**Q** 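Pasting a structure here, questions to come.
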Amino acid sequence: MFDTALLIGFPYVATAVAIAATTYRWVFDPYSYSSQSSQFLENRALFFGSVPWHYGILTILLAHIVALSFPGTWGLFTADQNRLYVLEITGLSLALMTTAGLTILIVRRIFNVRARAVTTALDWILLVFLLLQVALGFWVAYYYRWGSDWFLHTAAPWLISLAKFRPDITSVSALPFWVKFHFINGFVIVLLLPFTRLVHLLAYPFSYFWRQHQIVIWNRARGQRRVS
Amino acid sequence: MDIRAQVSMVFHLDKCIGCHTCSVACKNIWTDRKGTEYMWWNNVETKPGTGYPTLWEDQEKYKGGWQKDSYGKLQLRLHSRLKGMANLFFNPFLPTIDDYYEPWTYDYENLFNAPEGDDQPTARAVSMITGKPMDSIEAGPNWDDDLGGSPVYARNDTNLDELTEDEREQLNELERVVFFYLPRICNHCLNPGCVAACPQGAIYKRGEDGIVLISQEKCRAWRMCISGCPYKKTYYNWSSGKSEKCILCFPRLESGQPPACFHSCVGRIRYLGVLLYDADKIEQCASVPDDQLVEAQRNMIMDPFDPAVISAAKANGISDAMITSAQNSPVYKFVMKWRIALPLHSEFRTLPMLFYVPPMLPVLAKTRDGTYDVAGLENENLGAMLSSLEKARMPIKYMARMFAAGNVGEVEDVYRKLIAVRIFKRAQKVKDYGQAEVDSALAQGKTNAEEVEAIFRLTALPTYEERFVVPPLGRESAVEAWEDPLDHKREAGFGNLVQITRRRF
Ligand code: SF4
Ligand code: SF4
């Protein structure tokens, strides 16, 4: 019962709220989409926190997504023991890097007066849940070894079943508490996304790769002359 | 030919008295909000000096503007596209608040509420960022005001790099200490580094008038524009998490008023006018070698009386009012006709559209044993003023570095003409120069009596209407002619809520 609520009900609610709220915010309050960078006020500690944190978490997130999207290929990849070793070690070190980076960022916001001055209550909440999530991830990776493999037969089927709207938790119900905690906390973060500065994740400006350097905006199509 | 109109500016530095009225006018209208306390969209700095933010001209430090890569192609000094995207999480070249100053106020309440005691109560300085008391104030607005010759500020001016050790030393001698004021606003460049550096594409140039704006709705605080602008004229609002910059008071321009800093300028040093330029030439002109940059920029600016230019302008939708303004533009006269106004640091290659008439001061001369060194001038049949150029207190190389990317010839031409104006008018009014001297001054200045009179007139006696020649930009009517303005409410403001047309460069 509990499992059903937390592993089926909650993910759906969190995702639905996230989609609705993000869209609402995008349409009606685009001004609020900002990474709210505080580098201008403090940039030394930020370097040691922000760089490992962002690169670490993005790689890990990408690995999660790739594994979920192509479970077959991923399975073939992890089938070889050497490759599995490499993967696990990379994963663990990334998790370590991420946790360390985030810790530095949190400590910075606590002790640097200027950075603290621009930190809101929601920022603190977000930081706590993020730290919890990466710490749990690290914990799971460390204690329940070979997650990059067993995840394929547990979390993957469950998440895919959710995505297909045929929810089925049999594959995850037997998992230990900490692993489930990691799953659920993940959806807490999904839920937080539209309400915090985390939305800047969705604003990554890919178009910079191909757009023209200069942008000129005309009031109307050119050549339509105003007579005056 | 792709003719566009640009609302352009001239600042006549000889007329600036360093009163900062312009800065205050701007501050009161635009930057008295939280997060903007430290911003001076218009600032007036003392030169030689390190400026605001400290050492902004040092592009080794800040990586602003453009440079040519090994293939001769124009590249942002800050980043390639890939590097820009990779540095989103930490911009290694971002100035921090300490490069400007930490804004503060005073705890005035304590003056009223302090308990009775033996000492006078004081009002302590309180940081406007943290709200905590500040024990020492390290820097503030105009912190180096008037500090010509000072060891910390004047001596560290990067423009002095060109001078010899000896020349630098002389500048610090008490009798020779010299400085002038440099008022700066956004140059509303033709090849803006801020626009190119913004990963989000939040910054744009308005097609009709060339004003460069940051869309507050699209800005995501990636803070690359602050580094990308070599003039450090975009600022980060640490409170709202958005970058902001000079908007050339476009709401005022739209109703036919000049920007507040222009309007309030006590020295009346500021001129505003339309220039027509050929946008097809932008990349080519920004890529020429350093010493040709000023001339290349003049080549882009087109003659507003040329029928071919006029018809190309019309084909591009430029209104008749704009074209007429371009024909009467005081900026066109200073920059093109008389060629006495130069862009600031054209080596940054953003093609700035704010031009400066370099300051003549101080006219005379190096000192030798405590007296002015004007010996031998009589023989050359030159007035002391005219020949003093080589002996000017502020070495001409310094001016060349600021206003002509190091091209001394450009600056000398300007000065010779300015000197000719002085000698001509002085001969007329004070009558202490002979005709021979006047003629030789005119010849050296490559000018004539008529032109000199015109320069004098627009420099010394211009009316309001002569200084500011821009038609009401009428943004609202531009929409009105084609569509229901109510549909487009909120579109002409800081950002376009909905894009009507987005034209790419
Ligand atoms: S001076 Fe203005 S237009 Fe030019 S790069 Fe800087 S902010 Fe952009
Ligand atoms: S108001 Fe005019 S004269 Fe005074 S500092 Fe500003 S530019 Fe110079």
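Every chain is numbered from 1, with letters handed out A, B, ... down the list of sequences. Bear in mind that the values here come from a model prediction, so they are computed numbers and not experimental data.
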**Q** Counting heavy-atom pairs closer than 4.5 Å to chain B, which one of A/V51, A/L46, A/L41, A/V118 comes out on top?
**A**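 Of the options given, most contacts go to A/L41.
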**Q** Hey, is OH on A/Y144 packed in by over 12 heavy atoms from elsewhere, all under 6.0 Å?
**A**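 Yes, OH of A/Y144 has more than 12 neighbouring heavy atoms, counting only those of other groups under 6.0 Å.
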**Q** Quick one: what part of A/W53 sits under 4.5 Å from any heavy atom of chain B, side chain, backbone, both or neither?
**A**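 The answer is neither part of A/W53.
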**Q** So, for B/Q200 and A/A203, which heavy atoms are closest and what is the spacing to 0.1 Å?
**A**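 Answer, listing the atom of B/Q200 first, then A/A203: OE1-O, 3.3 Å.
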**Q** Is it the case that more than 12 heavy atoms not belonging to A/Y204 sit under 6.0 Å from its OH atom?
**A**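 Counting other residues, nucleotides and ligands, OH of A/Y204 exceeds 12 neighbours.
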**Q** Surrounding OH of A/Y142 (heavy atoms of other residues, nucleotides or ligands, distance under 6.0 Å), is the total greater than 12?
**A**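 Check fails, neighbour count at 12 or below.
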**Q** Can you measure from CZ (B/R220) to OG (A/S32) and round to the nearest 0.5 angstrom?
**A**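 If I round to the nearest 0.5 Å, the distance is 8.0 Å.
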**Q** Could you grab the distance from atom CH2 of A/W218 to atom NZ of B/K205, nearest 0.5 Å is fine?
**A**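 One finds 10.5 Å between CH2 of A/W218 and NZ of B/K205.
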**Q** Tell me, yes or no, whether the heavy-atom count around A/F209 atom CZ, taken from other residues, nucleotides or ligands under 6.0 Å, exceeds 12.
**A**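 Check passes, neighbour count above 12.
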**Q** Heavy-atom distance under 4.5 Å to chain A: side chain of B/D99, backbone, both or neither?
**A**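 Answer is neither: B/D99 stays 4.5 Å or more from chain A.
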**Q** Distance from A/I215 atom CD1 to B/K218 atom NZ, nearest 0.5 Å?
**A**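 Answer rounded to 0.5 Å: 7.0 Å.
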**Q** When rounded to the nearest 0.5 angstrom, what is the spacing between CZ in A/R116 and CD1 in B/I129?
**A**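 Here the rounded value is 14.0 Å.
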**Q** Mind checking the CZ-CD1 spacing from B/F89 to A/I57? Nearest 0.5 Å is all I need.
**A**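 Interatomic distance, B/F89 CZ to A/I57 CD1, rounded to 0.5 Å: 11.5 Å.
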**Q** So B/R4 and A/V216, do their side chains get closer than 4.5 Å, heavy atoms only?
**A**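 Yes; the side chains approach each other to less than 4.5 Å.
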**Q** Relative to chain A, which of B/G84, B/G210, B/A86 shows the most heavy atom pairs under 4.5 Å?
**A**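 Top count of heavy-atom pairs under 4.5 Å with chain A: B/A86.
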**Q** So, taking the atom named OG1 in B/T130 and the one named CG in A/N112, what distance separates them when rounded to the nearest 0.5 Å?
**A**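 So the OG1 of B/T130 and the CG of A/N112 are separated by 9.5 Å.
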**Q** Per the side-chain contact (heavy atoms from CB on, under 4.5 Å) rule, which among B/V195, B/L190, B/I203 passes with A/Q214?
**A**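 Of the listed residues B/V195, B/L190, B/I203, the side-chain contact (heavy atoms from CB on, under 4.5 Å) partner of A/Q214 is B/V195.
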**Q** State whether the side chain of B/K242 and the backbone N or O of A/Y31 hold a donor-acceptor pair below 3.5 Å, judged by distance alone.
**A**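 Checked: pair present.
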**Q** Is B/W104 atom CH2 crowded by more than 12 heavy atoms from other residues, nucleotides or ligands, each under 6.0 Å away?
**A**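 Yes, enclosed.
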**Q** Work out which heavy atom in A/I217 is nearest to a heavy atom in B/E208; give both atom names and the distance.
**A**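 It is O-OE1, 4.2 Å.
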**Q** Do you know which of B/S127, B/A197, B/S239, B/S80 has the most heavy-atom pairs with chain A at a distance under 4.5 angstrom?
**A**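 Of the options given, most contacts go to B/A197.
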**Q** Going through the checks in order, is the side-chain contact (heavy atoms from CB on, under 4.5 Å) test met by B/R81 and A/H213?
**A** CA-CA 10 Å; B/R81 289 165 195 268; A/H213 262 137; 3.9 Å; yes
**Q** Would you name the heavy atoms of B/M85 and A/F206 that are closest together and state the gap between them?
**A**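 That closest heavy-atom pairing would be CE-CA, 3.7 Å.
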**Q** For A/W178, does the CH2 atom have more than 12 heavy-atom neighbours from other residues, nucleotides or ligands under 6.0 Å away?
**A**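 12 or below, so no.
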**Q** Is A/H54 atom NE2 crowded by more than 12 heavy atoms from other residues, nucleotides or ligands, each under 6.0 Å away?
**A**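 Correct, the count exceeds 12.
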**Q** Below 30° counts as parallel, above 60° as perpendicular, anything between as tilted: where do the rings of B/Y38 and A/F40 land?
**A**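 Taking A/F40 first and then B/Y38, their aromatic rings sit tilted (interplane angle of 30° to 60°).
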**Q** Please determine, among A/S35, A/S50, A/A117, A/S38, the option with the most heavy-atom pairs under 4.5 Å with chain B.
**A**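 That would be A/S35.
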**Q** For a side-chain contact (heavy atoms from CB on, under 4.5 Å) check, start with the C-alpha distance between B/W222 and A/H200, then their side-chain angles and the critical distance, and finish with the verdict.
**A** CA-CA 10 Å; B/W222 307 128; A/H200 76 274; 4.2 Å; yes
**Q** Under a 4.5 Å heavy-atom cut-off, does chain B meet the side chain of A/R197, its backbone, both or neither?
**A**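 Nothing of A/R197, per the 4.5 Å heavy-atom cut-off to chain B.
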**Q** For the candidates B/G35, B/G241, B/A196, B/A221, which exhibits the highest count of non-hydrogen atom pairs separated by less than 4.5 Å from chain A?
**A**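 The option with the most such pairs is B/A196.
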**Q** Show the nearest heavy-atom pair for residues B/T96 and A/Q39, with the distance to one decimal.
**A**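 Closest approach of B/T96 to A/Q39: CG2-O, 3.9 Å.
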